[in-house]
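Here the structure comes first, spelled out in structure tokens, and everything after it is commentary.
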There are 2 protein chains.
Amino acid sequence: MTQRGNDSASGRRARGRTTLRQVAGRAGVSEITVSRVMRGSPLVAPALAGRVRRVAAELGYVPNRLAGTLAGHASTQIAVILPALSNIVFAEVLKGLETGLEARGYHPILGISNYDAEHEADLIRSLLGWQPAGLVIATAGLTPQSRAMLTDAALPIVEIMDSDIDPIDMSVGISHRGAGAAMARHLVARGYRDIAFIGHDLSRDHRARARFAGLRAGLGRAGRALAPARLRLCPSSVALGCDMTRQILARHRPQVICFANDDMAIGGVFACIGAGLAIPRDIAVTGFNRLDIGQAMPAPLTTIDTRRHEIGRLAARHLIARLEGDDPPSHSDVGFVVIPGATS
Amino acid sequence: MTQRGNDSASGRRARGRTTLRQVAGRAGVSEITVSRVMRGSPLVAPALAGRVRRVAAELGYVPNRLAGTLAGHASTQIAVILPALSNIVFAEVLKGLETGLEARGYHPILGISNYDAEHEADLIRSLLGWQPAGLVIATAGLTPQSRAMLTDAALPIVEIMDSDIDPIDMSVGISHRGAGAAMARHLVARGYRDIAFIGHDLSRDHRARARFAGLRAGLGRAGRALAPARLRLCPSSVALGCDMTRQILARHRPQVICFANDDMAIGGVFACIGAGLAIPRDIAVTGFNRLDIGQAMPAPLTTIDTRRHEIGRLAARHLIARLEGDDPPSHSDVGFVVIPGATS
DNA sequence: GCACGGAATGACAGCGCTGTCAATGATCGC
DNA sequence: GCGATCATTGACAGCGCTGTCATTCCGTGC
């Protein structure tokens, strides 16, 4: 652990990483042969391949994927752009994606748009600069510019979460508008009339907005009205759901409160319990997403399963299929599932 | 769609992306000048720079970062390896990291080890192949091989979450053993004697194991014993906490149950409520991590804030500092905070 | 009017690897 | 025994960009 030349005081930058050439020199073969061995080509005689592998291991050789990709036109990086990570939903989608990609040797490069379409455009530009083999995106609302970049880039793209779209290339998701409508049918079937809605900042989250629109339209078709929605211009959270529920209860007790998602709904349940109300006898509550925690509550939450794990899995699968020359469907609706629960 | 090579039916691979040369040709300047303009070099005359920028925009030119990095030795990718993403804790750390990195033009390449040290080693190897500028890792238990690769790689490395380690390069975290001991002091101060512990698979999660060891040791020092721990060899979850709590309650009611983390503790709270027990009168409950949801419950959970957001932020900050030639501390303990709550 | 210094631009080599095709032996059929 | 064939191996030219000089063109001061 002495000088070695690298480890330049502050930088600790790696100059002097072992290269193909060094392995080749030490093994007494040409660079291309080492390259073939490292990529498992059957063109190299087994004995030679063994020797080369031994030398490579000895030298701790790690192939430079940058150079390899530049020369060979075959990146194994996949750009992944999500609107947030504070909500467990996207973390689970990302988990599903990472697992599916990693299993086939692909690596995600991550960007978080914060539900900001402009920032999303910047992310698209900079991630495309890495020449990824493909791109998976849960849109924050593609700008025309973003759309143009993606179209021009001509690489496999999966737009995830929403199936009510006309995808640039492929889509995997559910119908959020349909999910809202399904919740409306559920509420109508249960006979509720005085229905309130609590949500976070829907102006940025267009999928939550679609659910809300579907809910309102569905209720309208059944002749029920939705009380004016209560929205707070901040990200969704348990605490927010709790707080806003208390506010509503302070002036009026609706028959049911629909929350924009499970996080908020769980906060709502806590607020109702705190107010001494029995659920669903005194007041009903519904959420969206089917978080595990909502189902573990003493009274499992009425909600809609968005099958996000399946979305991540399928997105990875379709992307890889396309990369391997297959022709996966350009439009996949994984279908949501209404979970009746015990809170409505 | 004639020859052009690109958009080959299935592949949709981009051959024919605009290159520096094309921009240079169209603008009537040399490649290097375009390169300078794209990187904002002051060496180019403003008028010329403007013209070049216009041409680049017209052609939708996106610099190829692979080539740039290969030629210039300055990647802006940062390898990030985490043990899981199912738990919101790591998702939040990742969010903090991404934000900090993105703001300075760096992009995370993600790997999830699933608490598997062997897989972690594979991830390290393959991510290092991208010649990242730095690496952030929440260890799943570095194998000697992993350690060697990281040492040899000679790039800035931040080991996050745990501060009770001798870092390869830098560390940012808290003392998990200390946190366990702090919880022990809290319990002793409250006068509890009959203390149970419920956890998930600690064999793989060495930080949870350290907390447990700290708790047990702390209680031991105070002359209290911990009932034999109940562990289930599966990942932690709300449902698991709920289930295991029911099992314990079926045969005996301890004064307090310590859970390996908040998720499990929340499940425990639900189980106790379901069993008609009042918290903390009939039974106390403690968690770990200080999840928002635990604090939003009618009785805020007694827990320990692990300051994970701060960990992510600081890890990004120190990494970037190092990359920019500064000399950040090699060892940062962000400190945990005991949150007394109302469940103990 | 002229050498000089600085600003602006370019030529060139090469980062580490892979695609392509050529070269080398070894093997084979007749 | 000899050309054809196959299995191996290598030479070479780039992928698209940037570091490092070299070059050109001014305005300056004397």
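Throughout, a chain's letter reflects where its sequence line sits, starting with A, and its residues are numbered from 1. Note that the structure is a prediction, hence the values are computed from the model and not measured.
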Check your understanding: Under the 3.5 Å rule, do the base of C:dG10 and the side chain of B:Arg36 count as making a donor-acceptor pair?
Key ->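 Counting by modelled atom types and ignoring angles, a donor-acceptor contact under 3.5 Å is found here.
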About how many Å separate [atom2] of [Y] and [atom1] of [X], when rounded to the nearest 0.5 Å?
| X | Y | atom1 | atom2 | answer |
| --- | --- | --- | --- | --- |
| A:Asp169 | A:Leu155 | CG | CG | 8.0 Å |
| B:Leu97 | B:Tyr106 | CG | OH | 14.0 Å |
| A:Leu123 | A:Leu128 | CG | CG | 10.5 Å |

Inset, instruction - Please report how far the helix from C:dG1-D:dC30 to C:dC30-D:dG1 bends, comparing the axis fitted to its first five pairs with the axis fitted to its last five, to the nearest 10 degrees. - result: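 The angle, to the nearest 10 degrees, is 40°.
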Expected string for nucleotides 22-27 of chain C under the B/S/- scheme (protein heavy atoms, under 4.0 Å, primed atoms plus P, OP1, OP2 as sugar-phosphate) is ------
Do the side chains of B:Arg313 and B:Glu310 get close enough for a salt bridge, i.e. N-O under 4.0 angstrom?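 Yes.
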Heavy atoms within less than 4.0 Å of DNA chain C: which residues of residues 23-32 of chain B have one? Give them sorted by number.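 Only B:Val29, B:Ser30, B:Ile32 qualify.
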task = Within residues 47-69 of chain B, find the residues that approach DNA chain C with a heavy atom at under 4.0 Å, and present them sorted by residue number.
result =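 Close to the strand are B:Leu48.
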| task | List for me each residue that meets salt bridge (charged side-chain N to carboxylate O under 4.0 Å, His left out) alongside B:Arg125, sequence neighbours excluded, and say none if there are none. | result |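 Only B:Asp122 meet the salt bridge (charged side-chain N to carboxylate O under 4.0 Å, His left out) criterion with B:Arg125.
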Of A:Val34 and B:Pro42, whose closest DNA chain C nucleotide lies nearer the 5' terminus?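 First, find each residue's nearest nucleotide; the 5'-ward one identifies B:Pro42.
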Problem - Atom-pair distance (CG on A:Leu20; P on D:dG10), nearest Å - result: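 Taking atom P of D:dG10 as the reference, CG of A:Leu20 is at 13 Å.
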ask   = Which residue pairs pass the side chain to side chain donor-acceptor pair (under 3.5 Å) test with at least one member in residues 33-50 of chain A, sequence neighbours excluded?
value =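 Pairs touching residues 33-50 of chain A that pass the test: A:Ser30-A:Thr33, A:Ser35-A:Arg39.
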Tell me whether the OP1 or OP2 atom of C:dG19 has a side-chain N or O from A:Arg39 closer than 4.0 Å.
->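 Checking A:Arg39 against C:dG19: at least one side-chain N or O falls below 4.0 Å of OP1 or OP2.
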Note to self: Counting only side-chain heavy atoms from C-beta out, which of D:dG16, D:dT9, C:dT9 sits nearest to B:Thr33?
What the structure shows: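 The nucleotide sitting nearest to the side chain is C:dT9.
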Q. Looking at the side chain of B:Val44, which of C:dG16, D:dG16, C:dT9 is the nearest nucleotide?
A.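 Nearest listed nucleotide: C:dT9.
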